[in-house]
2 protein chains.
Amino acid sequence: MFLQADPYNMNCPSREILDLIGGKWAILIVCCLQQGPVRTGELMRQVGGISQKMLTQTLRNLERDGFVERISYPEVPPRVEYRLTDLGRSLSELARTMEQWVVANYATILDHRQRALETPSDHA
Amino acid sequence: MFLQADPYNMNCPSREILDLIGGKWAILIVCCLQQGPVRTGELMRQVGGISQKMLTQTLRNLERDGFVERISYPEVPPRVEYRLTDLGRSLSELARTMEQWVVANYATILDHRQRALETPSDHA
DNA sequence: CTGGATCCCACGCGATACTG
DNA sequence: CAGTATCGCGTGGGATCCAG
C-alpha cells in the first residue's frame, strides 16, 4: 500500500491496483486467460453475466496497463484474441494467492458474520 | 477466486473479499491497525481524507466479519479503540503481499500506461 | 470524543440499439 | 464476430447536522 506514509492515504500507488482488483470484472477476465489466449466471444461466455460494454472496457484498461495483449487477425469475419503478458501472468498469480487466502479463511468469516447477525452489537 | 467453476462468475465466495479489498477504505484502516489498537479520532487522522460516516461504516463491516474488535471503555468522555483480530492480522499480511507486488510491478505498469497514451491503438 | 441520520451527487455498470 | 454510443439506474461515498 505504500501505507507507511503519513498520513495513510488514498493517493498511494497501490490504490490503482486495488481499484483494478476491486473492479467487478478485471480479475475474472485475467483468470480466464490463465490457460492461454481466448477469443472475445469465448470470454463473454466464460465470464458469466458480463455485458459487451464492460468486457470491452475492462479489456481496454487491462491492455493499457500492460496486463493483456490484443491480437487481431486480418480476417473476415473478424477474429480477435486476448492473451496475458508476463505482467498479466504475474497478476494472475497474485490472484491465486488471494484465492488461497479466501479458501483458508472464508468459513471463519461467514461464521463470524452469522454470529454477528444473531447477536447484534449496539455501539451506542 | 473459486474461479475454476464453469462459467467463471461473480457469485464466488471471493467476490465478497474482493469487494472488501476494493472498497475505498477497509484496507487502509486495517493497515493502520497493524501496529496495535488505535482510537477512533486517531484513525480519522491517520487515514487521510476519510469522512466520519465512512470510518464508522467501514469499521462496522470489518467488525461484523471478524477482522476488527471494538473496545469501548466505560468512561466519559467516551473512549473507543479498535484492534485487529487474528483474522484481521491475517488479512493485513495479505495486504502486505499485495503491496510487495505493487512495489515490484508499479514502474512497469506506469511505463506501459505512458506508452499507451503516446501511441493510442485503435481497435476498429 | 464517538457515532448516528439525512440529503445528495458521481460514477460504475447494465440494457439496448447500431456499425463494419 | 467485435466494437461503439447512448440512456438510465443503483449505490458507494461525501457533507452536514444532531445526540449521548
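What you see below is based on every heavy atom in this structure, not just the backbone, and it leaves out hydrogens, waters and symmetry mates. We name chains A, B, ... by the order of the sequence lines, and we start the count at 1 in each one. Source: prediction; values computed, not measured.
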S.K.: Between A:R39 and A:E42 (salt bridge meaning N to carboxylate O under 4.0 Å), is one present in this structure?
M.R.: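 Result for this pair is no, no salt bridge flagged.
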S.K.: I'd like to know if the side chain of B:T85 and the backbone of B:F67 have a donor-acceptor N/O pair within less than 3.5 Å.
M.R.: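 Between the backbone of B:F67 and the side chain of B:T85 there is a qualifying donor-acceptor contact (under 3.5 Å).
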S.K.: Could you tell me whether B:Q52 contacts a base, only the sugar-phosphate backbone, or nothing, with contacts defined as non-hydrogen atoms closer than 4.0 Å?
M.R.: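 It contacts base atoms.
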S.K.: Write down the distance between NE2 (B:H123) and C1' (D:dA5), rounded to a whole number of angstrom.
M.R.: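 Value for this atom pair: 17 Å.
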S.K.: For B:Q57 and D:dG14, what is the distance between atoms CD and P respectively, to the nearest whole Å?
M.R.: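 Roughly 10 Å, once rounded to whole Å.
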S.K.: Whether the side chain of A:R64 engages the backbone of A:L59 through a donor-acceptor N/O pair (distance < 3.5 Å, no angle test) should be reported.
M.R.: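 Not confirmed, A:R64 side chain does not pair with A:L59 backbone.
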S.K.: Write down the distance between CD (B:E42) and C1' (C:dC1), rounded to a whole number of angstrom.
M.R.: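 Going from CD in B:E42 over to C1' in C:dC1 covers 13 Å.
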S.K.: What nucleotide among D:dG14, C:dT2, D:dA2 has an atom nearest to a side-chain atom of A:V80?
M.R.: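 Among the listed nucleotides, the one closest to the side chain of A:V80 is D:dA2.
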S.K.: In this structure, how many angstroms lie between the P atom of D:dG20 and the OH atom of B:Y73, rounded?
M.R.: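 These atoms are roughly 25 Å apart.
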S.K.: Given D:dA2, C:dG14, C:dC1, which nucleotide is nearest the side-chain atoms of B:P78?
M.R.: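 Given the options D:dA2, C:dG14, C:dC1, the side chain of B:P78 is closest to C:dC1.
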S.K.: Can you figure out which of C:dG14, D:dG13, C:dC1 approaches the side chain of B:W25 most closely?
M.R.: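 Nearest nucleotide to the side chain: D:dG13.
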S.K.: Would you say a side-chain N or O of B:R39 is under 4.0 Å from OP1 or OP2 of C:dT2?
M.R.: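 Yes, because at least one side-chain N or O of B:R39 sits under 4.0 Å from OP1 or OP2 of C:dT2.
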S.K.: Answer with yes or no whether the side chains of B:E16 and A:Y106 bring together a donor and an acceptor at under 3.5 Å.
M.R.: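 There is such a pair between these side chains.
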S.K.: Separation of B:R79 atom CZ from C:dC1 atom C1', in whole Å?
M.R.: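 My rounded result for the distance is 11 Å.
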S.K.: Assuming nearest nucleotide by heavy-atom distance, tell me which of A:K53 and A:E81 is located more 5' along DNA chain D.
M.R.: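 The residue mapped nearer the 5' terminus is A:E81.
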S.K.: Just compare D:dC1, C:dC13, D:dG13 and give me whichever is closest to any side-chain atom of A:K24.
M.R.: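 Closest nucleotide to the A:K24 side chain: C:dC13.
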